Amino acid sequence: MDIRRLALVVLVVAVAVVGEFGGSSYANVMTFDVKRKFSGKARNLSALKAHDYRRHGRLLSAVNVDLPMGGNGHPTETGLYFAKIGLGNPSKDYYVQVDTGSDILWVNCAGCDKCPTKSDLGIGLTLYNPKGSTTSSLVYCDQDFCTSTYDGQLPGCKPDIQCQYNVVYGDGSSTAGYFVKDTVHLQQVTGNLQTGSTNGTVIFGCGAKHSGELGTSSEALDGILGFGQANSSMLSQLAAAGKVKKIFAHCLDNTDGGGIFAIGEVVSPKVNTTPMVPNQAHYNVVMKAVEVGDSVIDLPSDIFDSGDQKRTIIDSGATLAYLPLTIYQPLMNKILAQQPSLKLHTVEDVYTCFKFSDNVDDAFPVVKFHFEDSLVLTVYPHEYLFNIRGGAWCFGWQNSEMQSKDGKDMILLGDLVLSNKLVVYDIENQTIGWTEYNCTSSIKVKDASSEAVYSVGAHDIGSASSLTFGGILTFLSILIALLHPSIA
């Protein structure tokens, strides 16, 4: 699937809310343990580019959720994160990629064809077995979850036919399976920097067959946790059950690694916001201008038009930042004008790199992106440049056309420029906001029922925990379709 279809993905799976939390009331905070993918490993630039390509091609009375996390967004080290959740009864741990570009949670299941059996990430993989859980049940095509997905029953649906899904990624890899309902085990915040366990019931996909990269061990995980806006996401299911607000925030520390991820209303620090573009599958906002140093770039008047291909996607799961040529070229020209003697080299056909021994923050200009309602995203040189070795540096800016011909007008800002900022996604009020912040510190989140305010701290559990987190909020645009025949 090409980058053009990013905005269409979630609409394919506009699923009715079926998740529900059992038991009595809970505190307003839950947690997922998190650790970075590729922890302790060096990444080559080809792998980084392929990672972003797959991401683009695929393009929780409220409880606040804290996801302890590790890693950083440096292109040569990590680029993505993954989280640990528990499923079933008795509970077993599963490591899943958090993906704001898709909606469903799915994990590899027992009997899966070509599912990975080992991972190079230093984690153990576990196949989910519905028959091994005393709380699991199958979801059938005539049940609400499935009929809401298709705005009615599928042709040929019979009561004994399972509700199925098929996920196709931009690099040609795919996963297919069926939906099950079972207990999910999470961590909720019970006080300042304190957590306790809780559980609920959600519907998720049981992966039965994989192809392509999903079957390899180099980046293998147990599945993907969709964190998009549609009703089928875990966030939406929990919110519909009245257990969380549809608000989450992240603060990625690309200096020391780790950071903060929380679900709930952030009361401190305060952030300025910009409206989300309505009725979009992803987290889209409207850019108004680009400033380099002290001057605004002179751009075509229609470059920020509100057409589907000219909106800005905030994607902390993508590692780099992608700009249409009409922005990319003048931006690069303005930056390089301050260092005319630089000798540039093209690495792996796409990266503009150079050797430089001085402090890049002293030698290169600050870049500012201006958004609707006067929100500004400030990106410092040490954020848009990354060091690959010694005195060798590369630009994190990429020409969108080099990523995808169909996405040549798309603006996508990844975690290279979102790092060291608290970014708040308020789906309830349809706004996104951010502020520069020390991501090694803590934020304060309000408990909606008790009005209590709790501190949610930073985490960096890169090697200290069994848990890891793959591409926080990865925008892996996913094309999802349910299949008629049953998958064994």
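Here the structure is a predicted model, which means the values were calculated and not measured. Residue numbers count from 1 along this sequence.
Between Ile432 and Val423 there is a side-chain heavy-atom pair separated by less than 4.5 Å. Side-chain contact check for Met234 versus Leu225: some heavy-atom pair is nearer than 4.5 Å.
Residue Glu265 forms a salt bridge (Lys or Arg N to Asp or Glu O under 4.0 Å) with just one option from Lys245, Lys246, Lys270, and that option is Lys245.
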All N/O donor-acceptor pairs, side-chain side in residues 364-380, below 3.5 Å, sequence neighbours left out:
from: His370; atom 1: NE2; to: Glu291; atom 2: OE1; distance (Å): 2.8
from: Tyr380; atom 1: OH; to: Glu436; atom 2: OE1; distance (Å): 3.2
from: Tyr380; atom 1: OH; to: Glu436; atom 2: OE2; distance (Å): 3.1

Would you tabulate the side-chain donor-acceptor contacts of residues 333-341 under 3.5 Å, counting partners in other chains and residues two or more places apart, or write 'none'?
from: Asn333; atom 1: OD1; to: Gln329; atom 2: NE2; distance (Å): 3.3
from: Asn333; atom 1: ND2; to: Gln329; atom 2: O; distance (Å): 3.3
from: Lys334; atom 1: NZ; to: Ser295; atom 2: OG; distance (Å): 3.0
from: Gln339; atom 1: NE2; to: Ala363; atom 2: O; distance (Å): 3.0

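Although no hydrogens or angles enter the test, the distance criterion places a donor-acceptor pair under 3.5 Å between the side chain of Ser211 and the main chain of Ser174. In this structure, the side chain of Asn399 engages the main chain of Glu401 through a donor-acceptor pair within 3.5 Å. Under a 3.5 Å cut-off, the side chain of Trp393 and the backbone N or O of Phe356 do form a donor-acceptor pair. Remark: side-chain polar atoms of Ser268 are not paired, donor with acceptor, to backbone N or O of Lys444 under 3.5 angstrom. In this structure, the side chain of Tyr437 engages the main chain of Ser442 through a donor-acceptor pair within 3.5 Å. Of the possible polar contacts, one joining the Asp222 side chain to the Thr126 backbone as a donor-acceptor pair under 3.5 Å is found. No donor-acceptor pair under 3.5 Å is formed between the side chain of Ser233 and the backbone N or O of Ile104. Between the side chain of Lys421 and the backbone N or O of Ser419 there is at least one donor-acceptor pair closer than 3.5 Å. Counting only distance, with no hydrogens or angles, the side chain of Asn108 and the backbone of Leu221 share a donor-acceptor pair below 3.5 Å. One N or O on the side chain of Asn387 and one on the backbone of Ala392 form a donor-acceptor pair closer than 3.5 Å.
Within a 6.0 Å radius of CG in Asp294, other residues, nucleotides and ligands contribute 12 heavy atoms or fewer. The number of heavy-atom neighbours closer than 6.0 Å to CG of Asp298, taken from other residues, nucleotides and ligands shown, is 12 or below. The number of heavy-atom neighbours closer than 6.0 Å to CG of Asn438, taken from other residues, nucleotides and ligands shown, is above 12.
Aromatic rings from Tyr328 and Trp397 are positioned such that their centres are separated by 6.0 Å or more. Here the two rings, on Phe261 and Phe227, have centers that are under 6.0 Å apart.
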Applying side chain to side chain contact (heavy atoms under 4.5 Å, CB included) to Thr175 and Tyr165, what does each step give before you reach the verdict?
CA-CA 8 Å; Thr175 178; Tyr165 72 89; 4.0 Å; yes
For Val266 and Val271, what are the C-alpha separation, side-chain angles and deciding distance, and is it a side chain to side chain contact (heavy atoms under 4.5 Å, CB included)?
CA-CA 9 Å; Val266 178; Val271 300; over 6 Å; no
Check against side chain to side chain contact (heavy atoms under 4.5 Å, CB included), Leu299 and Thr326
CA-CA 7 Å; Leu299 296 170; Thr326 48; 5.5 Å; no
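Under the side-chain hydrogen bond (donor to acceptor under 3.5 Å, both in side chains) criterion, Thr273 pairs with no residue at all, not counting sequence neighbours.
Between Tyr425 and His250, the ring-plane angle classifies as tilted under the 30° and 60° cut-offs.
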